[in-house]
> 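For reference, the structure I am asking about is given below.
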Number of protein chains: 2
Amino acid sequence: MKPRTRRGGGRPTIADVARLAGVGAITVSRALREPERVSETLRQQIQQAVEELGYVPDPNARALASARAEVFGVLVPSLTNAVFAEVVRGIYDSLSDGPFRVQLANTHYSGLEEERLLQLFLSQRPAALIVSGIDQTDTSRRLLETADCPVVQIMEIGPDPIDMMVGFSHLEGGRVATNHLIEAGCRRIGFLGARMDPRSQRRLAGYKAAMKAAGLFDPRLVTTTPVPSSVTLGRDLFRDALAKMPSLDGVFCNNDDIALGVIFECHRAAIAVPQTISVCGFNDLDMMQVAYPSVTSIRTHRYEIGRQAVGMAMAAIDGSRPENRIVDLGFELRRRESTDRQN
Amino acid sequence: MKPRTRRGGGRPTIADVARLAGVGAITVSRALREPERVSETLRQQIQQAVEELGYVPDPNARALASARAEVFGVLVPSLTNAVFAEVVRGIYDSLSDGPFRVQLANTHYSGLEEERLLQLFLSQRPAALIVSGIDQTDTSRRLLETADCPVVQIMEIGPDPIDMMVGFSHLEGGRVATNHLIEAGCRRIGFLGARMDPRSQRRLAGYKAAMKAAGLFDPRLVTTTPVPSSVTLGRDLFRDALAKMPSLDGVFCNNDDIALGVIFECHRAAIAVPQTISVCGFNDLDMMQVAYPSVTSIRTHRYEIGRQAVGMAMAAIDGSRPENRIVDLGFELRRRESTDRQN
DNA sequence: TGCAATGATGGTAGCGCTACCAAAATCCTC
DNA sequence: GAGGATTTTGGTAGCGCTACCATCATTGCA
């Protein structure tokens, strides 16, 4: 009977450190997690023992004993969408120095998938959860409300947060973009939308509101598809819209990929931008300012959303929940050549 | 003294399921992990009890007891780079139905960061590790060699795998792209490169090899920067290259973002593509075929690399390590308008 | 029919860590 | 300098699960 190294790969445990440092195991545990509760002397002895043995705490044992994993669960609808990629980067960057790991999953824009993943995440007792959007299913919402950890909904804001929120109003974004096209002198402004997830729907709603307010709305101006967005699709949608409505003089694109597809198609078909057709995108990806012509877009603060989401969750974990449970990071209209009809 | 629900959130445990099903805890454990080792009758009883209680196994307890977490550790140098985003998507998609979670981390193209993250990952005893590239530091390599789990190096292939590899030859890619430009009739072909990570370096080496073989190499044709790649940077590099070498008649771009920057700048400066300057990119992002002119590029199989990496690791976990430890997924030259000087 | 081989099931003992409480050491205050 | 308050340290008992081995039932074969 040799209980030593029976299963573990022989890696040092907290008991080994304790023995070497001549203290109790629990003191080592404390020295690592709450150094201020351990005297300077012991802290140094322990630190030295840790280094000598190359001790690294086992996160699984830790999670089991404390009934709390040092994990941020993050649910996003897409991994390849540049917008979410930046949000995710913001989250990872904010979390990289702390003890927290990230558990990322892709819902593929499916509420059911989100439920399933939430269930999975919850089984780990995460330290916090970050979910995309505000349109969770009833089941998901219930799971999140009873989750016993901070929850941050990101990308959008709305009136009824599960816990906390950081994002901006897509409806307002759509409205501002559309109004900008109207002010630029466009009258028959098309809406091109792909995927039509809830955020796209709200941008469309903002477009409709602006168009109706100006007395310019016509349902034939709207061209959408449930197909995932891409530059190629932008070109196709634009062709469809033009076939339906040859007199278009502006398009508000659901996102920048579509706008780029429009720009390319205009080159190909020798349509003058902005003179014949003005173009406005959404998100303001890096390339929009370099495009020819440069493309007007709504700048959104994706990276910052990721950072703030982590910041808010962290504050809640530390017990200092921000008084502002809803953070509106806004957006900015970036005016560029594609809507500048003056020259 | 009430040991019941003392710490756990009152969620059902395997013991609760066992009690309800009238079997031993270990039998429940087996029914869940190796159903074929449990009789049909008990399996059904257990399944019913699981559903009735809404039991979800605790992955932390599982990992602790079995000294093996059901986690795939994945290290990539960037989360926003479209290429790695697709690799990561392939990995997630392949893993989504199985029991495995993904632990993703961003090395920011830093070997030191990679070492640190590897250490962190290893403390979880992952089921497999997927790392990017073949240029690990000595320390990282040692950690991986003694990792006691399958290791897959992705994106590149080389002669000396740590364990397994799936990718393609960036050197060959660079050579093929350059030869294509030469065959198209270009003579003063510039190389534009950003970031200059090891893969970019090898594409550059391929370019040099092709140019030297054709007797066309001139160091002034090469323009690189350690700055991270972007479309904006592509424009700037192109301007620099042109200032240095106004007689350029072709450019091989390290990646498609840079190629796109070149295309836009050519529009702006009224340089005819491909007649005056031909352009070739690398990776073949979706938008290259829609661009105007459409852009010749080297198609790489990112998503497939992610899928294969998981497949190989999975096979190794199941004990059927593939005999081919190095999988070359190759690449394809996609000829498009930007290098078609015939018309 | 008897007995080894095989398969199904269960008990026990941890995995490595921390919550909880108790004990010891230190610090005040009057 | 006594007595209480406070800080620092340690022991014990799990967290929920599975590895290991023991046990019992079933089967196969002479």
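Here is the naming used below: chain letters follow the sequence lines, and residue numbers restart at 1 for every chain. Everything numeric here is computed off the predicted structure, so don't read it as measured data.
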> Keeping the roles fixed (side chain from A:R125, backbone from A:A63), state whether a donor-acceptor pair exists under 3.5 Å.
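Pair absent, no side-chain N/O of A:R125 close to backbone of A:A63.
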
> Could you state the atom-to-atom distance from CG of A:L53 to C1' of C:dG16 in whole Å?
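One finds 15 Å between C1' of C:dG16 and CG of A:L53, rounded.
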
> Check the phosphate of D:dT18 against B:S29, side-chain N and O only, distance under 4.0 Å to OP1 or OP2. Yes or no?
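Affirmative; the distance criterion is met.
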
> B:L64 has an atom CG; how far is it from atom P of D:dG16, in whole Å?
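For the pair B:L64 CG and D:dG16 P, the rounded distance is 12 Å.
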
> Which nucleotide in the set D:dT18, D:dC17, C:dT9 lies at the smallest distance from any side-chain heavy atom of B:V38?
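For the B:V38 side chain, the nearest candidate turns out to be C:dT9.
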
> Which whole-number value in Å describes the distance from A:R68 CZ to C:dC17 P?
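Value for this atom pair: 20 Å.
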
> Taking the side chain of B:T13 as heavy atoms from C-beta outward, which of D:dT18, C:dG16, D:dC17 is closest to it?
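The answer is D:dC17, which lies nearest to the side chain.
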
> Given atom CZ of A:R125 and atom P of C:dA19, what is their separation to the nearest angstrom?
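It works out to 13 Å between those atoms.
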
> Does atom CG of A:D318 have more than 12 heavy-atom neighbours from other groups under 6.0 Å away?
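More than 12 within 6.0 Å, yes.
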
> Measuring to OP1 and OP2 of D:dT9, would you say a side-chain N or O of A:S39 lies under 4.0 angstrom away?
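Yes, such a contact exists.
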
> What does B:R33 touch in the nucleic acid at a heavy-atom separation under 4.0 angstrom: a base, only the sugar-phosphate, or nothing?
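Sugar-phosphate contact only - B:R33 comes under 4.0 Å of backbone atoms but never of a base.
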
> Among B:R141, B:R142, B:Q153, B:E115, whose side-chain hydrogen bond (donor to acceptor under 3.5 Å, both in side chains) with B:Q136 holds?
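The option that passes is B:Q153.
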
> How long is the line joining CD1 of B:I14 and C1' of D:dT18, in whole Å?
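These atoms are roughly 8 Å apart.
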
> How many whole angstroms separate atom OH of A:Y55 from atom C1' of C:dC17?
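It works out to 7 Å between those atoms.
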
> Side chains of A:E40 and A:Q44 only: does a donor on one sit below 3.5 Å from an acceptor on the other?
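The criterion, which ignores hydrogens and geometry beyond distance, is satisfied for A:Q44 and A:E40.
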
> Mind calculating the distance between CZ (A:R43) and C1' (D:dT8) to the nearest angstrom?
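Going from CZ in A:R43 over to C1' in D:dT8 covers 12 Å.
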
> Is it the case that C:dG10 (base atoms only) and B:R30 (side chain only) share a donor and an acceptor within less than 3.5 Å, ignoring hydrogens and angles?
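Yes, a donor-acceptor pair under 3.5 Å.
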
> Please state whether the phosphate of D:dT18, meaning OP1 or OP2, lies under 4.0 angstrom from any side-chain nitrogen or oxygen of B:R62.
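So the side chain of B:R62 is within the cut-off, an N or O lying under 4.0 Å from OP1 or OP2 of D:dT18.
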
> Given atom CZ of B:R11 and atom C1' of D:dC15, what is their separation to the nearest angstrom?
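Atom CZ in B:R11 sits about 12 Å away from atom C1' in D:dC15.
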
> Reckon B:T27 has a side-chain N or O less than 4.0 Å from the OP1 or OP2 of C:dT9?
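No, no such contact exists.
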
> Do A:R33 and A:S29 have side-chain N/O donor and acceptor atoms under 3.5 Å apart?
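Side-chain D/A pair, A:R33 to A:S29: present.
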
> Where each residue is assigned the nucleotide of DNA chain C containing its nearest heavy atom, which of A:N60 and A:I26 is assigned the position nearer the 5′ end?
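Final value for this comparison: A:N60.
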
